[in-house]
There are 2 protein chains.
Amino acid sequence: MSQSDTVRRILDTAEVLFAQKGFAETSLRAITGKAGVNLAAVNYHFGSKEALIQAVFERYLTPFCQALSVKLRELELDDDPLSLERLLTVASRLALGSGTEEPRRAMIFFRLAGQAYSQPQDHLRAYLRKHYGDVFNQFTTLLRRTAPDVPPVELFWRVHFSLGAVIFTLSGMESLQTISKKDFNRSVSASDIAQHLLPFVVGGIKGS
Amino acid sequence: MSQSDTVRRILDTAEVLFAQKGFAETSLRAITGKAGVNLAAVNYHFGSKEALIQAVFERYLTPFCQALSVKLRELELDDDPLSLERLLTVASRLALGSGTEEPRRAMIFFRLAGQAYSQPQDHLRAYLRKHYGDVFNQFTTLLRRTAPDVPPVELFWRVHFSLGAVIFTLSGMESLQTISKKDFNRSVSASDIAQHLLPFVVGGIKGS
DNA sequence: GTATGTTTCAAACGTTTGCTTCGATCCCGG
DNA sequence: CCGGGATCGAAGCAAACGTTTGAAACATAC
């Protein structure tokens, strides 16, 4: 146990602050201040702010995509005809997890994804495509099987539309503090949204 | 000719640069430099960078929402039963316009909208809701008539999902351009997207 | 032509940013 | 007990930022 939890504290704080305020608007001083670590720790452990941003994504995305890839492979080898609902439910369940903290982190991360997409963080987009493009292709390949009557080019578009629906919605949710106080004020949770989202996406992908 | 075109040049340049790089990442020096005006002109004419951002939105959104409101009122008074497709087509046609330059500006503006939403520019969101909330309500009221079998709360969600689909897609356009071009060997225009988007939104709003 | 009000300009202001450096301290394995 | 990586507080760097200023340039009215 030679390394302490400074790295984890930085990542935890950066994850929340980036999601709340955006990348450019979140200074290293704000992160290190709230994390209770020294300002120099970020550049000591990560090298730069850009590398920190990538590390935040990697910590969330790598285990998720690994798990997703496993689940998708199970579905691939399954003999039963795969329904669109089943595929989307599997992905959704995986993102929301089984615990109580995971949906909150999922929402935080979707906010991050929204910022990564609309803000032209080119380095981030390149990084995401390079590291997680395979799982995405695996998913779309499987999706094509569930909607064989939809032309591939049309399916391509509708996948992006669906991604936009969920990311945009979760990005636009009220501040994360009020969400975290789930006992009070009964604000919407990630699983609430998923429940509403599923019929929308299914209907959208199948088309009019 | 007491007023010069400095204001217009600033707005034109800011519109493009904000859409390309985001609000925080676009400096006043970049805007004024590219526009060929003095740095102080922004604060002289608009007062602040925040006010400039609002002015960019207002210049596009005010005439559009006025025109949309007129069109919607026509549909309200129409005796024919209003179909969901017709309502969406009217809005889409209006956004894309009839000229050749309007679709491009529409795409630029949708990128702006995406940044305004995912970046927590609270002042902007409050401003948009305050100034253009009425037209939005007018639209949703009309939409409810076209999908009477969908519960209002569900419809509310699906409108937001649809908004997310279009804004997110157009926000990520330039990357989608390259992806689509590579995978399917064809480039994309705003009206292309609208064409793909319509069946998706119709299917999504009607649900699975 | 002179007065008046508006617009443009170069320059500077004060602040914040990401990042680096420095020596002192702390913690832990050898 | 000792040595090396980790962390700290503090200070400072150059660059970039939004904003302000005072004077010059301009247009317009009398």
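Quick caveat: nothing in here was measured; it's all calculated off a predicted structure. Residue numbers begin at 1 in each chain, while the letters A, B, ... track the order of the sequences.
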Electrostatic pair A:Arg105:A:Glu15 at N-O distance under 4.0 angstrom | yes
Using a strict cut-off of less than 4.0 Å between a Lys/Arg side-chain nitrogen and an Asp/Glu carboxylate oxygen, indicate whether B:Arg8 and B:Asp5 qualify as a salt bridge.
-> yes
d([atom1], [X]; [atom2], [N]) in whole Å:
| X | N | atom1 | atom2 | result |
| --- | --- | --- | --- | --- |
| B:Leu39 | D:dC17 | CG | C1' | 10 Å |
| B:Glu25 | C:dT17 | CD | P | 14 Å |
| B:Lys49 | D:dT19 | NZ | C1' | 12 Å |
| A:Ile31 | C:dT17 | CD1 | C1' | 12 Å |
| B:Ile10 | D:dG18 | CD1 | C1' | 14 Å |
| A:Phe46 | D:dT7 | CZ | P | 10 Å |

CZ of A:Phe110: more than 12 outside heavy atoms within 6.0 angstrom?
->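 It does not: A:Phe110 CZ has 12 such atoms or fewer within range.
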Would you please confirm or rule out a distance under 4.0 Å between OP1 or OP2 of D:dA16 and any side-chain N or O of B:Ser27?
-> no
Across the strands shown, which category fits [X] at heavy-atom distances under 4.0 angstrom: base, sugar-phosphate, nothing?
| X | answer |
| --- | --- |
| B:Thr32 | nothing |
| A:Gly36 | sugar-phosphate |
| A:Val42 | nothing |

Between [options], spot the one nearest the side chain of [X], thanks.
| X | options | result |
| --- | --- | --- |
| B:Tyr44 | D:dG5, D:dT19, C:dT6 | C:dT6 |
| B:His45 | C:dT7, C:dT20, D:dT7 | C:dT7 |
| A:Arg29 | C:dT17, C:dT21, D:dT7 | C:dT17 |
| A:Asn38 | D:dG9, C:dC19, D:dT7 | D:dG9 |
| A:Ser48 | C:dC19, D:dT7, C:dG18 | C:dC19 |
| B:Ala40 | C:dC19, D:dT19, D:dT21 | D:dT21 |
| B:Asn43 | D:dT19, D:dC8, C:dC19 | D:dT19 |

Could you tell me whether the side chain of A:Leu84 reaches within less than 4.5 Å of the side chain of A:Val201, counting heavy atoms only?
-> no
Can a donor-acceptor pair be found between the side chains of A:His196 and B:Glu154 at a distance below 3.5 Å?
->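 Yes - a donor-acceptor pair under 3.5 Å links their side chains.
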